[in-house]
Amino acid sequence: MSQTVKQGASPAAGHGTSHGMRPRHPVAGTLAVAGYVVMIVPILFVVATAFTAGSTLRFPPEGLSLKWFGEAVAYTPFVEAVVSSLELAVLATGLALLLGVPVTLAIHRGRIPGKGLLEGLFLSPLVVPELVVGLALYQQLMIGLHLDNFTTLLLGHTALLLPYAVRVTGASLALTDPALEEAARGLGASPLRAFVTVTLPMLRPGLISAGLLGFVTSFNNVPLSLLLQTRDFRTLPVTMLDYVQQSYDPMVAAASTLVLAATVVVAVIAERTVGFAKIFGGINR
Amino acid sequence: MTTPAAELVGVSQRFGGFTAVDAIDLQIPRGRLTTLLGPSGCGKTTTLRLLAGYSAPTSGRILIDGDDATRTPPEKRNLGMVFQSYALFPHLTVADNVAYGPKMRGVPAAERRRRADEALDLVGLAHLGDRKPKQLSGGQQQRVALARAIAIRPRLLLLDEPLSNLDARLRVQMRAEIRRIQSETGLTVVLVTHDQDEALELSDEMVLMRAGKIVQSGAPRDVFPAPADRFVAEFLGYENFLTLADGRQAAVRPEHLRIVSADAPAGEAVAFDAVVRDVAYRGVDLLVTLEATDPGGHAVRLLADHRADTATGPTPSAGDRVRLLAPEARLALLEPDPTPTEGIS
């Protein structure tokens with residue numbers, strides 16, 4: 001992740017940081033550090049205020065206490081929203097991969113005309129404003145077809161995650177020798193068996209990174225989830241937004257800190273099992 | 001006469017407007033080593049892939065063991081293919097790579113293991129079964145690819161430029177290795193190469209291709225001294241092309257041109273006068289560049305090897321007027337070639 005963040009955080013740094021962690025350019029180095037500071041410091045403020053013993057969202061915290069964490073964990077709307085968010089993120093990620101992988105295979109290995117167009121089509125949700133997508137889904141699926149809001153949200157999130165599934169697994173596939181599948185076929189494997197025993201293992205890092213990216217994107221999404229919410233199904237970000245509008249106590253900070261901690265745990269597991277270089281290596285094709 | 005191991009009957013392959021293989025007829029003799037030889041783009045690899053079943057011909061039929069296999073998918077052909085990139089499965093150990101084919105055929109685990117060991121033994125890598133392909137050198141990976149193809153007990157062993165990714169010394173070693181494996185297993189082998197030395201050394205039968213067509217085929221001993229046309233001659237390393245007094249075209253190799261003094265008798269050879277333009281020292285011999293008027297009356301530039309220790313006559317130096325002798329037996333008479341310079345790339 002270090003590489004990805006570095007490039008994302010300091011586009012102005014340019015070639016100065018391309019030689020590793022020790023920048024030779026003082027200006028580029030300073031910009032990189034500034035980038036980190038801008039991204040990380042506000043997060044530290046949130047984490048610090050979560051541990052306050054006081055009752056307002058204020059820095060510096062008044063005393064030290066874990067009571068807001070207790071409150072957050074016991075607050076039913078948050079707990080329900082976490083379950084909803086997880087459910088939605090897991091299902092949408094799974095669906096996006098299930099649809100995205102065959103599309104990737106078709107784009108990279110298939111003999112179909114208009115591959116570029118197909119790829120463009122599947123990357124388009126990155127470009128179309130999510131509010132527009134959300135409104136369209138609201139009008140067509142919820143009002144028009146009377147689908148319930150969970151189904152609609154699931155479809156919306158799946159569409160949102162498809163570009164990641166197609167792009168990231170595609171990068172993985174592009175690095176794989178097409179002769180591998182042919183070799184498997186020649187050795188007696190049916191097309192399906194060749195896919196399962198050879199192609200799929202090659203795609204593993206791509207699938208994991210697409211899955212992680214997809215999960216995080218779905219879990220953090222606000223525009224779609226906001227437009228397609230109902231009283232009985234709300235995701236965590238929407239619930240937290242709702243809460244902040246009404247009361248300004250540190251419970252939201254505690255909830256955010258918990259989400260952050262969970263993300264860090266996931267990241268550490270991913271780094272230990274597959275390694276970031278391998279997971280995200282595919283993106284910077 | 002036995003059925004050929006494989007046969008292509010009027011096979012063409014077109015990709016859009018490009019004809020990669022143009023109505024070829026080819027028989028692969030059983031238990032022999034056949035090479036498909038030609039410059040890049042001549043259709044040799046396409047022919048091999050058609051044989052393996054990785055693409056279907058636009059027209060024509062492919063027979064394997066006398067049975068029509070034109071539309072048979074690769075997994076049902078039972079042919080062992082070695083890819084130019086080796087295409088070893090990076091996530092499997094060497095032993096599992098070799099056992100992959102038997103596994104797909106439902107061979108029980110113990111028997112698979114035994115077959116993998118046997119195949120690895122044949123290529124001299126029995127001790128490396130637990131490694132991953134990445135941990136092996138290029139030459140070792142190549143042997144694993146061979147073992148993997150042999151482990152399925154294939155009807156044909158297909159090799160696509162198997163030696164092109166190896167360094168020069170290893171390449172020569174592996175030629176002998178491929179010959180040994182072929183004679184030990186008795187397999188029918190089809191090998192694609194662009195290297196004429198490789199083809200000459202390895203082949204029982206060599207098939208020269210150009211622009212999707214077969215231009216000449218036969219045993220190396222028959223093809224090499226008698227190239228059919230200028231394209232084949234150039235490809236086999238003939239450097240000198242002459243028009244004879246009767247108008248026929250002939251090719252002669254630099255080592256068969258003798259440089260003698262301008263007044264020496266011609267004897268049995270075709271003789272003509274020449275001027276030495278350049279002499280390059282090469283250790284065992286001198287490479288002499290000459291300008292001459294050939295017996296047909298055309299000005300030509302010629303190359304001759306001159307061995308200072310064995311050849312009679314003067315040691316040539318630039319500017320000398322000499323006589324060139326080309327023994328009749330060493331002249332390869334060529335078919336008139338409609339497009340003399342195209343094809344070499």
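In this text the structure is predicted, and so the values were computed from the model without any measurement.
- Ranked by non-hydrogen atom pairs under 4.5 Å with chain B, the options A:Ala194, A:Ser190, A:Ala184, A:Pro191 are led by A:Ala184.
- Only the backbone of B:Leu88 comes within contact range of chain A, with heavy atoms under 4.5 Å apart.
- Side-chain atoms of B:Ser85 and A:Leu180, non-hydrogen and from C-beta on, never get closer than 4.5 Å to each other.
- Of the atoms belonging to B:Leu79, it is backbone heavy atoms, and not side-chain ones, that fall under 4.5 Å from chain A.
- Scanning all heavy atoms of the two residues, the minimum distance from B:Pro73 to A:Arg185 falls at CB-NH2, 3.9 Å.
- In terms of modelled atom types and a separation under 3.5 Å, the side chain of B:Arg105 and the main chain of A:Leu187 share a donor-acceptor contact.
- Here the straight-line distance linking atom CZ of A:Arg193 with atom OH of B:Tyr100 works out to 7.0 Å at 0.5 Å rounding.
- Looking at A:Pro178, there are no atoms closer than 4.5 Å to chain B (heavy atoms on both sides), in backbone or side chain.
- With a 6.0 Å radius and a threshold of 12 heavy atoms from other residues, nucleotides or ligands, B:Asp167 has its CG atom above the threshold.
- Contact check for B:Arg49 versus A:Glu182: side-chain heavy atoms found under the 4.5 Å cut-off.
- In terms of heavy-atom proximity, A:Ala189 sits nearest to B:Met104 at CB-SD, 3.7 Å.
- In B:Arg155, the CZ atom is crowded: over 12 heavy atoms of neighbouring residues, nucleotides or ligands sit closer than 6.0 Å.
- With a 4.5 Å cut-off on non-hydrogen atoms, A:Thr197 touches chain B through its backbone and its side chain both.
- With a threshold of 4.5 angstrom between heavy atoms, B:Phe83 approaches chain A through side-chain atoms but not through N, CA, C or O.
- Between chain A and the options B:Lys103, B:Arg148, B:Lys76, the largest number of non-hydrogen pairs under 4.5 Å is found for B:Arg148.
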